[in-house]
Amino acid sequence: MTFKQFLAFALVLSFLPAAWSDEAKDDAIDGTWPPSSAKLGGQKFPDEVRKTIKLVVKDDKYTVTVGKGVDQGTVKLDPSAKPKALDITGTEGPNKGKTIPAIYERTGDTLRVCYDLSGKSRPTEFKSETGTQLFLVTYEREKP
């Protein structure tokens with residue numbers, strides 16, 4: 001796995017916090033979220049890398065492990081946006097000091113997120129197209 005792949009995946013996984021208000025409880029994303037599928041720049045993310053990833057979200061903090069690499073930071077959700085928005089900000093690891101805009105949707109124990117790894121602008125739809133740094137990930141929450 002290249003550093004760029006690790007960085008991209010760590011950024012994507014690092015966005016997921018629990019909601020902070022009563023009206024946002026249905027959007028809570030605390031838990032352990034391994035990815036079930038992913039695309040980066042319109043290309044399928046390599047299964048051998050995807051299978052080494054584990055995202056853990058608790059309150060407004062995340063930890064992403066990719067193999068032996070670790071990325072940590074904070075997550076800010078905006079469930080009132082259309083589509084729902086989130087920002088991840090790295091505090092430790094390869095994304096330290098970076099903010100990544102994303103959109104998300106959660107249905108039960110399935111979470112879908114589209115990140116703009118370039119950090120330039122929030123995606124407007126759940127797509128990852130060739131020539132972009134859009135990272136589209138579907139996660140399935142682990143049962144406790």
Inter-residue atom distance T89.OG1 - D60.CG, 0.5 Å rounding: 10.5 Å
Nearest-0.5 Å distance, OH of residue Y104 to OH of residue Y139: 14.0 Å
Test item: K54 and V56 side chains (from C-beta on) under 4.5 Å apart, heavy atoms: yes
Nearest heavy atoms of D78 and S80, plus distance in Å: OD1-OG, 2.6 Å
Sidechain-backbone polar pair: S128 side chain, L136 backbone, donor-acceptor under 3.5 Å: no
Nearest non-hydrogen partners of D59 and D30, listed with the distance: N-OD1, 2.9 Å
Distance-only side-chain donor-acceptor flag, T91 / Q72, under 3.5 Å: no
Contact summary for A38 and V137, nearest pair of heavy atoms: CB-CG2, 4.2 Å
Contact summary for E92 and D71, nearest pair of heavy atoms: O-OD1, 3.2 Å
R106 versus W33, closest heavy-atom pair with distance: CD-CH2, 4.0 Å
NZ on K98 to CD1 on I100, rounded to 0.5 Å: 7.0 Å
Under the side chain to side chain contact (heavy atoms under 4.5 Å, CB included) test, residues paired with P123 that sit two or more places apart: I103, C114, D116, L134
Nearest-0.5 Å distance that lies between atom OG1 in T124 and atom NZ in K82: 15.5 Å
Lys/Arg cation over aromatic F45: R50, 6.0 Å, 45° cone: no
Straight-line distance of T32 OG1 to R141 CZ, nearest 0.5 Å: 9.5 Å
Residues forming a salt bridge (Lys or Arg N to Asp or Glu O under 4.0 Å) with K143, sequence neighbours excluded: D109
Counterpart residues, salt bridge (Lys or Arg N to Asp or Glu O under 4.0 Å), relative to K51 (two or more places apart): none
Rounded distance [0.5 Å steps], CD in Q133 versus NZ in K120: 7.0 Å
Evaluation steps, side chain to side chain contact (heavy atoms under 4.5 Å, CB included), between R122 and D87: CA-CA 9 Å; R122 189 172 314 285; D87 292 309; 3.0 Å; yes
Any donor-acceptor N or O pair under 3.5 Å, side chains S36, T138: no
